[in-house]
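Values in this document were obtained by computation on a predicted structure and should not be read as measured data.
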Amino acid sequence: MEAYPEIDALHQEHGARLIEVGSMLLPLQYADSPDLEIRRILEKSALIDLRAFELIRVQGPDAMTFLQGMVTNDLKQLSPGGLQHQLLCNNKGKILYHLDVLQMAQEDYILVCDPEEAKLVGNHLYHFLIREDLEMSLMTPHWLRCDLIGPLVFQWLSTQNYHDDHGIWEFQGIQVLTGREQWGTLPRLVCLVPAEDYVRFLKTVLAAHHDIGLAGLEALEQIRIYQGIPRAGVDYNQEHFPQEAGLADHVSYNKGCYLGQEPHARMHYRGHPNRLLVPISWEGTMSLQAGHVLYAGNEEAGLVTSVSQIRNEAGTMRGMAMIRQTLVKEQRPLALIPDGASVICIVAG
């Protein structure tokens with residue numbers, strides 16, 4: 001699109017190192033070190049370009065009823081201006097796609113898909129669309145996503161022309177579609193902006209508040225891991241059930257039928273997964289990497305999936321690992337080698 005070179009130029013003016021994500025170039029980090037960008041997100045607020053995430057709009061009298069029968073979480077708990085994490089699963093209950101759902105109005109929803117997945121999600125939904133009165137349309141590339149994340153986000157938002165019971169508002173003459181939530185411990189505002197206004201939106205937000213700066217994907221990823229938020233394709237894949245992938249909070253067990261509901265209900269009420277994705281912690285003096293096998297005694301306990309380089313004040317680091325369910329239940333410390341020192345802790349949920 002014509003807007004993309006202008007967006008890339010803005011990032012490069014701020015010293016961005018760009019990487020390819022799907023069909024887009026996104027900032028990995030800026031001239032600042034990743035540590036400064038991490039602190040910016042954790043202590044103030046940051047603006048993050050996430051336009052590689054693709055958007056589908058679902059509108060019409062049957063939009064909620066149709067989506068409610070497809071996704072795992074309960075859309076009735078969502079209100080305009082809110083954001084809800086969802087999964088699309090197959091009939092065996094295994095994860096196909098992760099989605100964020102934004103509600104704009106009573107019959108108006110936006111599905112935020114991972115990069116390069118909008119057409120796959122759309123085709124999956126169309127397969128089950130029979131007589132429902134609704135319209136599905138691809139918003140990308142005419143609307144683009146950026147996020148505001150950090151402790152000061154909602155404080156800044158309160159000074160703007162924004163009402164928390166709506167998903168649509170105007171900022172400096174720009175129409176913005178939004179969904180708000182707590183992303184782990186941090187306030188997050190997902191902003192969808194017309195492509196032709198995207199650069200002006202970024203510049204105006206940065207100029208409007210001195211405590212809002214830019215941050216790249218590297219800082220965002222480090223914080224994601226440290227907060228124990230699972231990521232598709234990294235911590236879990238399409239062979240996993242939501243309960244295995246640490247995504248039980250993405251599933252409603254009392255909303256009624258949806259695709260994959262029966263296997264989820266059986267696992268929740270009558271059984272448990274064999275392995276669980278859980279946060280882990282260890283002393284920062286020890287080297288741990290994604291792919292490392294962990295041990296309980298001389299037996300394999302599981303596999304490290306993600307590692308954050310963030311150290312807390314006590315020098316402890318965090319990551320994520322897929323661990324045998326019995327060991328998680330026992331909160332048993334783990335080791336890096338068979339019969340080694342048990343120095344890796346499972347973080348209680």
* **Which atom of Leu336 lies closest to which atom of Ser287, heavy atoms considered** => CD1-O, 3.7 Å
* Are the side chain of Gln175 and the backbone N or O of Val193 linked by a donor-acceptor pair below 3.5 Å? -> no
Output side-chain donor-acceptor pairs under 3.5 Å for residues 259-273, partner residues at least two apart or in another chain, one line each.
{"from": "His264", "atom 1": "ND1", "to": "Tyr258", "atom 2": "OH", "distance (Å)": "2.9"}
{"from": "His264", "atom 1": "ND1", "to": "Gly260", "atom 2": "O", "distance (Å)": "3.4"}
{"from": "His264", "atom 1": "NE2", "to": "Gly93", "atom 2": "O", "distance (Å)": "2.7"}

* Distance-only, no hydrogens or angles: does the His127 side chain make a donor-acceptor pair with backbone N or O of His124 under 3.5 Å? -> no
* Are Leu67 and Val251 joined in one hydrophobic group, where the rule is that I, L, V, M, F, W and Y side chains link up if heavy atoms are under 4.5 Å apart? -> no
* Start with the C-alpha gap between Gln103 and Ser79, add the side-chain angles, then the distance that decides, and say whether side-chain hydrogen bond (donor to acceptor under 3.5 Å, both in side chains) holds. => CA-CA 6 Å; Gln103 185 177 3; Ser79 58; 5.7 Å; no
* Structure fact -> Heavy-atom nearest pair, Gly319 first then Ile225, reads CA-CG2, 3.8 Å
* Looking only at heavy atoms, which two atoms of Leu138 and Ile56 are closest? And how far apart? -> CD1-CG1, 4.3 Å
* Asked: When you look at Trp282 and Val307, which way does the side chain to side chain contact (heavy atoms under 4.5 Å, CB included) test go after all the steps?
  -> CA-CA 11 Å; Trp282 63 94; Val307 171; 3.7 Å; yes
* Asked: Counting N and O atoms only, with roles assigned by atom type, does the side chain of Glu54 sit under 3.5 Å from a partner on the main chain of Val112, one being a donor and the other an acceptor?
  -> no
* To do: Could you tell me whether a side-chain N or O of Lys44 sits under 3.5 Å from a main-chain N or O of Pro151, the two making a donor and an acceptor?
  => no
* Considering only Ile, Leu, Val, Met, Phe, Trp and Tyr, and joining two whenever side-chain heavy atoms are under 4.5 Å apart, list the other residues clustered with Tyr295. => Val293, Leu303
* To do: Give a yes or no on whether a salt bridge exists between Arg224 and Glu221, defined as a side-chain N under 4.0 angstrom from a carboxylate O.
  => yes
* To do: Please test Ile280 against Leu288 for side chain to side chain contact (heavy atoms under 4.5 Å, CB included), starting from the C-alpha separation and ending with a verdict.
  => CA-CA 11 Å; Ile280 56 174; Leu288 194 65; 4.1 Å; yes
* Asked: Can you find a side-chain donor-acceptor pair between Glu116 and Ser23 that sits under 3.5 Å?
  -> no
* Checking Ser45 side chain against Leu152 main chain: does a donor-acceptor pair fall under 3.5 Å? -> yes
* Any side-chain donor paired with an acceptor under 3.5 Å for Gln172 and Thr204? -> no
* Is it true that Arg324 and Glu300 have a side-chain N and a carboxylate O under 4.0 angstrom from each other? -> no
* **Euclidean distance, Arg311 CZ relative to Asp35 CG, rounded to 0.5 Å** => 10.0 Å
* Asked: Any sub-3.5 Å donor-acceptor pair from Glu132's side-chain atoms to Ile130's backbone N or O?
  -> yes
* Asked: Leu83 and Leu78: which non-hydrogen atoms are nearest, and at how many Å?
  -> N-CD1, 3.6 Å
* **Connected-component partners of Ile95 among ILVMFWY, side-chain separation under 4.5 Å** => Leu87, Tyr236, Leu247
* State the CZ-CG distance between Arg318 and Asn312, to the nearest 0.5 angstrom. => 7.5 Å
* Asked: Do the charged groups of Arg275 and Glu244 touch, with an N to O distance under 4.0 Å?
  -> no
Let me have the donor-acceptor pairs involving side chains of residues 153-160, under 3.5 Å, with sequence neighbours excluded, atom names and distances please.
{"from": "Ser158", "atom 1": "OG", "to": "Gln155", "atom 2": "O", "distance (Å)": "2.6"}
{"from": "Thr159", "atom 1": "OG1", "to": "Trp156", "atom 2": "O", "distance (Å)": "2.6"}

* Can you tell if the side chain of Met320 reaches within under 4.5 Å of the side chain of Pro230, non-hydrogen atoms only? -> yes
* Asked: Under 4.5 Å between side-chain heavy atoms, hopping through other hydrophobics if needed: is there a path connecting Leu276 to Val347?
  -> no
* Do we see a donor-acceptor contact under 3.5 Å between the side chains of Asp100 and His85? -> yes
* Nearest 0.5 Å please: distance from the CE atom of Met70 over to the CG atom of Leu99. => 10.0 Å
* For side chain to side chain contact (heavy atoms under 4.5 Å, CB included), just list the numbers for Ile223 and Ile38, CA-CA rounded to whole Å, side-chain angles, deciding distance to a tenth of an Å, and then say yes or no. => CA-CA 7 Å; Ile223 293 172; Ile38 288 168; 4.1 Å; yes
* Atom pair CD/CG of Gln222 and Leu42 - distance to nearest 0.5 Å -> 11.0 Å
* Can you tell me if CD on Glu170 sees more than 12 non-hydrogen neighbours from other groups inside 6.0 Å? -> yes
* Are Leu189 and Leu144 co-members of a hydrophobic cluster defined by side-chain heavy atoms under 4.5 Å apart? -> yes
* Taking Ile344 as the fixed residue, which of Leu294, Ile323, Val304 is the one that meets the side-chain contact (heavy atoms from CB on, under 4.5 Å) rule? -> Leu294
* Asked: How many angstroms lie between CG in Leu47 and SG in Cys191, if you round to the nearest 0.5 Å?
  -> 7.5 Å
* Verify side-chain hydrogen bond (donor to acceptor under 3.5 Å, both in side chains) between Gln84 and Asp74, making sure each step is shown before the conclusion. => CA-CA 9 Å; Gln84 192 178 64; Asp74 187 1; over 6 Å; no
* May I ask you to check if Arg51 and Tyr4 form a cation-pi contact, with NZ or CZ under 6.0 angstrom from the six-membered ring centre and within 45° of the axis? => yes
* **pair Leu192-Leu102: side-chain heavy atoms closer than 4.5 Å** => yes
* What pair of heavy atoms forms the shortest contact from Ala195 to Pro141, and how long is it? -> CB-O, 3.5 Å
* Asked: How about Ser306 and Asp235: does a side-chain donor come under 3.5 Å of a side-chain acceptor?
  -> yes
Please tabulate, for the side chains in residues 208-215, all donor-acceptor contacts under 3.5 angstrom to protein atoms that are two or more places apart in sequence or on a different chain.
{"from": "His209", "atom 1": "ND1", "to": "Asp211", "atom 2": "N", "distance (Å)": "3.0"}

* Is any side-chain heavy atom of Thr185 closer than 4.5 Å to a side-chain heavy atom of Gln227? -> yes
* If we only count heavy atoms from C-beta on, is the Arg180 to Arg188 side-chain gap below 4.5 Å? -> no
* Within the distance-only criterion (no hydrogens, no angle test), does the side chain of Asn237 pair as donor or acceptor with the backbone N or O of Gly233 below 3.5 angstrom? -> no
* Can you measure from NZ (Lys119) to OH (Tyr126) and round to the nearest 0.5 angstrom? => 12.5 Å
* Contact check, side chains of Arg200 and Ile174, non-hydrogen atoms, under 4.5 Å -> yes
* Asked: In the hydrophobic clustering that connects Ile, Leu, Val, Met, Phe, Trp and Tyr at side-chain heavy-atom distances below 4.5 Å, which members other than Leu25 occupy its cluster, ordered by chain and number?
  -> Leu18
* **Backbone of Leu55 reached by a side-chain donor or acceptor of Thr140 within 3.5 Å** => yes
* Can Leu50 and Leu217 be said to form a side chain to side chain contact (heavy atoms under 4.5 Å, CB included), step by step? -> CA-CA 9 Å; Leu50 294 174; Leu217 298 180; 3.6 Å; yes
* Do Phe53 and Glu117 come within less than 4.5 Å of each other through their side chains, counting heavy atoms only? -> no
* Note, Asn73 side chain near Ser252 side chain (heavy atom, < 4.5 Å) -> yes
* **Check: Ile19 and Val21 side chains under 4.5 Å, non-hydrogen atoms** => yes
* **Distance-minimising heavy-atom pair for Asp62 and Leu134** => O-CD2, 3.8 Å
